[in-house]
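Before any comments, here is the structure.
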Amino acid sequence: MDNNSIASTLKLTATLLELHDENVFKIKAIQSASNAVENATELLGQMNVEQLSALPYLGKSIVSKIVEINTTGTTAELTELLQITPAGVVEMLNIKGIGAKKVRTIWKELQVETIADLLAACDENKVAALKGFGEKTQDTIKQNILYAQSNAHFLLYAQAEVIAAELLTLIEKNSAVLQVAISGELKRKLEVIETIALVIATANQSEIAKMLANLDFLQEDIQSSGPFTWRGRLKPSNTYVEVHITSQDQFQSTVYLQTAAPAHLTSKLDNGKTVFQTLYNTEVKEELELFQKMQLPYIAPELREGLIEFELVKNNPNYQLLKTEDLRGVLHNHSKYSDGANTVEEMAMRCMELGYEYFGIADHSKSGNFYNGGMYEDKVVAQHKEIDELNKKLFPFKIFKGIEVDILADGALDYSDDVMATFDYVVASIHANLKMNIEKATARTIKAIEHPSTTILGHASGRLLLKREGFPLDYKKVIDACAANEVGIEINANPMRLDMDWRHVIYALEKGILISINPDAHSLAGLEDMKYGVNVGRKAGLSKEMTLNAMNGAQIQEYFLQRKARK
DNA sequence: GCCGTTTTCGGCCCGACTGTTTTCAGTCG
């Protein structure tokens with residue numbers, strides 16, 4: 001059992017105990033234990049009782065729980081708690097904006113036990129009438145349920161990519177399949193996926209239909225399926241699946257037409273016809289021949305959104321989008337100094353293995369100390385000392401002293417200017433006080449951008465894809481402020497963030513702003529997320545030249561020095 | 001339920017904000 005699974009089992013236990021009004025200190029103890037497990041570097045599943053007991057926050061009772069989780073996957077206590085709690089009530093615990101106590105009130109006072117009934121209770125104003133609730137809380141509950149329902153069948157790109165690859169492997173085994181490819185949103189590398197689309201070339205349609213019917217994780221929607229298109233849902237996420245069945249000769253054109261966004265397909269070409277009209281039923285061997293027919297230079301799949309691609313390739317037929325291998329270093333990462341799972345040295349060594357020339361550590365600043373272990377000033381000093389030593393040891397590999405500094409509620413940064421000046425570079429991000437109107441959020445962000453120490457604006461909107469909408473921003477004003485202050489913009493490569501959204505990065509690139517692809521890695525594994533940031537950067541037309549961390553070690557060191565001297 | 005100790009009990013407890021109150025409980029990061 002991995003640490004995250006143990007931690008989430010403990011966390012669920014704590015939440016359910018809170019729901020059932022148990023002792024608050026017992027609950028807090030389990031929550032602290034859950035946090036400790038989540039942040040532990042060693043694998044708890046491989047430890048014995050003595051080793052577990054030596055860890056902080058793990059006492060006799062919790063150690064026995066962890067042993068139980070390791071052997072059975074759960075605990076008797078959790079099983080019992082789940083038995084006495086309706087499944088719908090457990091689901092309610094995931095609604096943002098209400099916690100266990102409010103869920104308990106809803107359950108006990110209104111006898112509401114399902115999400116559907118809760119929604120109905122909101123519509124009947126019963127929730128607002130509860131003590132401690134009101135109109136706004138009721139609205140929040142309703143909005144959050146509707147938001148979750150509307151997103152229920154979506155997958156993050158990173159999840160869909162894995163499922164689609166497995167699907168592809170299964171399909172390829174069938175002898176009637178001449179060729180198969182991923183198309184649609186996945187091939188365009190959209191940040192969230194509503195439909196997993198594939199194209200199969202075959203001479204035997206009925207065999208393909210038979211094969212799809214036999215895959216037990218797919219549920220066909222007979223109504224919307226036809227002889228050339230199989231439509232259905234993927235179990236259990238309910239994500240749409242579309243399989244387009246075509247001939248070998250029309251395979252390339254079908255993949256193209258099933259990949260590009262409608263706005264791309266309806267764009268007029270120089271021949272007076274649309275892309276769709278030009279390519280429909282076209283028979284070619286190679287994808288490049290399709291571009292010859294359109295009299296266009298090659299357009300990468302990520303760009304086929306009908307936004308910037310035609311202008312881009314017409315003005316510069318040899319335009320090169322950023323590639324993962326263009327990246328020379330990794331900025332914005334966390335270590336054990338705040339909420340990372342690994343030491344600075346472990347993270348740096350992994351970056352060396354991955355072929356990077358430099359590594360920037362950007363742990364959390366002090367205001368987040370309680371929930372993310374953000375660093376008070378003395379820790380900053382200690383970390384800088386350690387980095388100086390590591391830089392001697394690992395030379396010529398370079399570790400930069402960065403910080404992910406919190407943008408406070410009023411837009412100020414989280415350290416005094418003296419402390420701010422000790423960093424090589426600064427990623428400024430908002431983590432708390434997320435409920436803001438567009439005016440406040442924009443003013444707060446711009447104030448941080450104007451701070452002379454700020455180098456990069458971190459995850460601009462604070463969104464968590466499919467979970468939480470970001471706060472609203474006037475992107476034109478924010479991006480203009482970055483341009484005026486020579487502040488770079490992060491594309492946070494964590495698959496749940498991919499923030500700033502690529503649609504706004506298009507304007508940032510127009511303004512000549514450097515983009516930094518940052519994994520926001522909290523562990524060694526997190527360093528592998530860079531590719532997701534590259535995907536969405538490419539959607540915005542990002543090139544190597546416009547990417548901050550495509551600079552080599554010497555160039556970026558010079559860049560940081562110049563930025564600091566500019567103050 | 002964990003921790004620390006003047007050690008087997010008593011204390012544990014961030015800060016800002018929201019929305020509900022009319023002084024503060026609940027939620028979040």
Side-chain angles (χ1 to χ4, degrees), chain A residues 10-11 13-39 52-66 68 75 77-78 81 92-107 109 127-144 334 338-339 363-376 404-412 414 429-437 440-441 444 458-459 461-464 467-471 494 496-497 499 520 522:
Chain A
L10 291 174
K11 199 175 165 205
T13 306
T15 311
L16 287 170
L17 288 170
E18 197 179 359
L19 180 74
H20 289 279
D21 208 9
E22 292 284 333
N23 179 293
V24 286
F25 294 114
K26 177 179 172 179
I27 294 160
K28 277 179 201 288
I30 300 175
Q31 281 167 344
S32 321
S34 169
N35 288 337
V37 170
E38 201 179 335
N39 294 328
L52 288 170
S53 306
L55 296 173
Y57 305 107
L58 307 188
K60 202 176 159 190
S61 163
I62 286 176
V63 165
S64 72
K65 280 190 182 52
I66 293 175
E68 205 183 342
T75 63
E77 184 185 25
L78 179 58
L81 283 165
M92 284 177 210
L93 295 167
N94 293 321
I95 299 173
K96 287 259 167 206
I98 54 170
K101 293 199 174 90
K102 280 201 154 65
V103 171
R104 181 169 74 223
T105 307
I106 290 165
W107 177 26
E109 301 287 320
V127 175
L130 290 168
K131 187 172 164 58
F133 290 64
E135 290 275 336
K136 288 198 175 173
T137 307
Q138 179 172 273
D139 267 4
T140 305
I141 293 172
K142 195 175 162 181
Q143 291 314 314
N144 286 335
H334 298 267
S338 65
D339 57 354
D363 272 309
H364 290 289
S365 62
K366 62 182 175 183
S367 77
N369 178 269
F370 182 75
Y371 62 92
N372 63 24
M375 302 188 292
Y376 289 106
E404 184 182 21
V405 69
D406 256 79
I407 301 173
L408 304 178
D410 62 355
D414 196 19
S429 315
I430 288 178
H431 291 102
N433 316 326
L434 300 174
K435 279 194 181 174
M436 292 175 283
N437 61 31
K440 190 186 169 199
R444 179 181 177 187
H459 50 67
S461 81
R463 74 179 180 188
L464 294 176
K467 276 197 175 173
R468 180 177 80 201
E469 277 183 291
F471 41 81
N494 184 312
M496 284 186 58
R497 291 191 183 269
D499 185 15
D520 200 355
H522 285 70

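These numbers come from a predicted model, not from an experiment. Sequence lines set the chain letters: A, B, ... in the order given, protein chains first and strands last, and positions in each chain run from 1.
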Whole-angstrom distance between B/dC13 and B/dC3, as gauged at atom P: 13 Å
Spacing between A/Leu55 atom CG and B/dG1 atom C1', to the nearest angstrom: 16 Å
Between B/dC24 (C1') and A/Lys101 (NZ): distance, integer Å: 13 Å
Donor-acceptor pair, side chain of A/Arg463 and main chain of A/Phe471, under 3.5 angstrom: no
Backbone of A/Gly374 reached by a side-chain donor or acceptor of A/Asn369 within 3.5 Å: yes
Criterion side chain to side chain contact (heavy atoms under 4.5 Å, CB included) on A/Lys102 and A/Ile95, from CA distance to verdict: CA-CA 11 Å; A/Lys102 280 201 154 65; A/Ile95 299 173; over 6 Å; no
Spacing of the C1' atoms in B/dT8 and B/dC14 (rounded, Å): 30 Å
Interatomic distance, A/Lys131 NZ vs B/dT22 P [rounded to whole Å]: 7 Å
Base-pairing assignment for B/dG11 (Watson-Crick or G-U wobble, both under 3.5 Å): B/dC2
DNA chain B contacts among residues 17-28 of chain A, heavy-atom distance under 4.0 Å: A/Phe25, A/Lys26
Whole-angstrom distance between B/dC17 and B/dT23, as gauged at atom C1': 15 Å
Minimum-distance nucleotide (side-chain atoms of A/Ala409 versus B/dC2, B/dC17, B/dG29): B/dC17
A/Ser34 (side chain) donor-acceptor with A/Ile30 (main chain) under 3.5 angstrom: no
Length of the CD1-P vector between A/Ile407 and B/dA16, whole Å: 17 Å
Proximal nucleotide (of B/dG29, B/dA16, B/dT27) relative to the A/His431 side chain: B/dG29
Same-atom distance (P) from B/dA16 to B/dT22, integer angstrom: 25 Å
Short side-chain to backbone donor-acceptor contact, A/Glu22 and A/Leu17, under 3.5 Å: no
Interatomic distance where CG belongs to A/Asn369 and C1' belongs to B/dG15 [whole Å]: 12 Å
Pairwise 5' ranking along DNA chain B for A/Gly99 and A/Thr140, keeping only the more 5' one: A/Thr140
5' precedence on DNA chain B between A/Leu434 and A/Ile62 (nearest-nucleotide basis): A/Ile62
Whole-Å distance separating the CG atom of A/Asp414 from the P atom of B/dA16: 11 Å
B/dT20 and B/dA25, which share atom name P, separated by this distance in whole Å: 16 Å
Selected nucleotide, minimal atom distance to A/Asn433 side chain, candidates B/dA16, B/dG29, B/dG1: B/dA16
Separation of atom CZ in A/Arg104 from atom C1' in B/dA25, rounded to whole Å: 12 Å
Among B/dG19, B/dC2, B/dT27, the nucleotide that comes nearest once only the side chain of A/Thr137 is considered: B/dG19
Nearest-angstrom distance from the residue atom CD of A/Glu469 to P of B/dG29: 14 Å
Between A/Glu404 and A/His459: side-chain donor-acceptor atoms closer than 3.5 Å: yes
Between B/dG1 and B/dT5 - P atom distance, rounded Å: 23 Å
Heavy-atom donor-acceptor pair, A/Asp414 side chain to A/Ser367 backbone, under 3.5 Å: yes
Mutual orientation of the aromatic rings belonging to A/His20 and A/Trp107 [parallel < 30°, tilted 30-60°, perpendicular > 60°]: perpendicular
Touch class at under 4.0 angstrom, heavy-atom based, for A/Gly134 against every strand present: sugar-phosphate
Exam field: side chain A/Ser365 to backbone A/Asp406, donor-acceptor pair closer than 3.5 Å: yes
Touch class at under 4.0 angstrom, heavy-atom based, for A/Arg468 against every strand present: sugar-phosphate
Distance below 4.0 Å between A/Lys96 side-chain N/O and B/dG29 OP1 or OP2: yes
